[in-house]
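What follows is a short report on a single structure.
Atoms within a ligand are numbered from 1 in the order they appear, just like the ligands themselves. Start at 1 with the first residue, then count along the sequence. Scope of the values below: all heavy atoms of this structure, side chains included, with no hydrogens, waters or symmetry mates.
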Amino acid sequence: MKFLSTIAVLATAVASVVASTIELGYPVDGSALIPGHNVTVQVVQPVSAQYPCLQVGIALAVNGCIRGVCPDPAKEMGAVLYSGAWDPKQQADGGVYQNFSVVIPMFLGGAGSGIFSLTHVCLLGSGPEPVIEFRNATVKFHA
Ligand SMILES: *[C@@H]1O[C@H](CO)[C@@H](O)[C@H](O)[C@H]1NC(C)=O
Ligand SMILES: *[C@@H]1O[C@H](CO)[C@@H](O)[C@H](O)[C@H]1NC(C)=O
Ligand SMILES: *[C@@H]1O[C@H](CO)[C@@H](O)[C@H](O)[C@H]1NC(C)=O
């Protein structure tokens with residue numbers, strides 16, 4: 001029974017920290033991205049996320065906004081810059097993250113601003129339950 005109650009406690013803890021499974025370390029709101037250039041995207045595993053959500057992967061995408069109105073990344077991602085595994089590691093600077101170098105598409109130069117999105121999929125608990133979640137940053141494009 002000790003084992004079962006441990007699982008129950010773990011399941012409760014898992015449910016309450018689902019909101020902090022992943023973070024977009026960079027870009028952040030207000031970051032300036034240069035179309036045609038690489039940007040180092042930082043995908044962080046928060047300290048609070050040390051529980052068993054089996055990683056499926058992530059997608060990184062960027063979309064243009066029109067007159068400050070940005071498409072919802074859950075419905076329209078725009079240009080997909082990366083899709084695949086996410087394997088965060090303990091880094092020398094103390095964080096647990098993985099960096100990805102991606103190219104910002106040239107055609108976004110026409111849009112003044114954009115929305116950069118991180119889509120994350122993992123399998124939670126013993127069910128398991130598939131979890132899909134989104135993080136975003138509103139960015140500016142500089143020539
Ligand atoms: C990862 O990317 C972030 C944001 O661009 C940067 O600050 C950090 O130094 C990078 N870390 C490594 C190990 O390259
Ligand atoms: C971006 O994420 C925030 C939560 O961090 C959310 O409130 C907002 O609606 C999202 N924006 C879009 C366009 O999905
Ligand atoms: C720029 O990003 C692409 C992936 O989009 C990558 O293949 C390439 O190695 C990156 N270049 C640099 C200098 O990091």
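- Heavy atoms of Val103 found under 4.0 angstrom from ligand 3 belong to the backbone as well as the side chain.
- For ligand 3, the atoms lying closer than 4.0 Å to a non-hydrogen atom of Ser101 are 1 (C), 2 (O), 3 (C), 4 (C), 5 (O), 10 (C), 12 (C), 14 (O).
- Per-atom contact check: atom 5 (O) of ligand 2 does not touch the protein, criterion being a heavy-atom distance below 4.0 Å.
- Judged purely by atom type and a 3.5 angstrom limit, Arg135 has no side-chain atom pairing as donor or acceptor with the backbone of Ser117.
- Residue Tyr97 has at least one heavy-atom neighbour below 4.0 Å for each of these atoms of ligand 1: 1 (C), 10 (C), 11 (N), 12 (C), 13 (C).
- The nearest pair of heavy atoms linking Gln98 to Asp87 is OE1-N, 2.7 Å.
- Annotation for ligand 2: atoms under 4.0 Å from non-hydrogen atoms of Asn136 are 1 (C), 2 (O), 3 (C), 8 (C), 10 (C), 11 (N), 12 (C), 14 (O).
- Counting only N and O atoms by type, the side chains of Thr40 and Asn99 include no donor and acceptor under 3.5 Å apart.
- Below 4.0 Å from some heavy atom of Asp72 lie the following atoms of ligand 2, by number and element: 14 (O).
- Looking at ligand 1, you won't find any N or O of Gln91 less than 3.5 Å from one of its N or O atoms.
- Looking only at distances, no side-chain donor or acceptor of Trp86 sits under 3.5 Å from a matching main-chain atom of His120.
- A side chain to side chain contact (heavy atoms under 4.5 Å, CB included) with Val62 holds for exactly one of Asn136, Leu81, Val102; it is Leu81.
- Near Tyr26, with a cut-off below 4.0 Å to any heavy atom, the atoms of ligand 1 are 4 (C).
- Taking distance alone, with nitrogen or oxygen atoms compared against 3.5 Å, Asp93 stays at or beyond that limit from ligand 1.
- Applying the 4.0 Å criterion to heavy atoms of Val102 picks out, from ligand 3, the atoms 2 (O), 5 (O).
- Of the protein's heavy atoms, at least one falls inside 4.0 Å of atom 14 (O) of ligand 1.
- Distance check: Thr138 OG1 to Ile115 CD1 gives 7.0 Å after rounding to the nearest 0.5 Å.
- Residue Gln42 has no nitrogen or oxygen atom sitting less than 3.5 Å from a nitrogen or oxygen atom of ligand 1, judged on distance alone.
- There is a protein heavy atom less than 4.0 angstrom from atom 11 (N) of ligand 3.
- More than 12 heavy-atom neighbours from other residues, nucleotides or ligands sit within 6.0 angstrom of CD1 on Ile132.
- The option with the heavy atom closest to atom 8 (C) of ligand 3, from among Leu60, Asn38, Val39, Asn99, is Asn38.
- Between the OG1 atom in Thr119 and the CE atom in Met77 there is a gap of 4.0 Å [rounded to 0.5 Å].
- Residue Tyr26 comes nearest to Ser31 through the heavy atom pair CE1-OG, 3.5 Å, listed as atom of the first residue, atom of the second, then distance.
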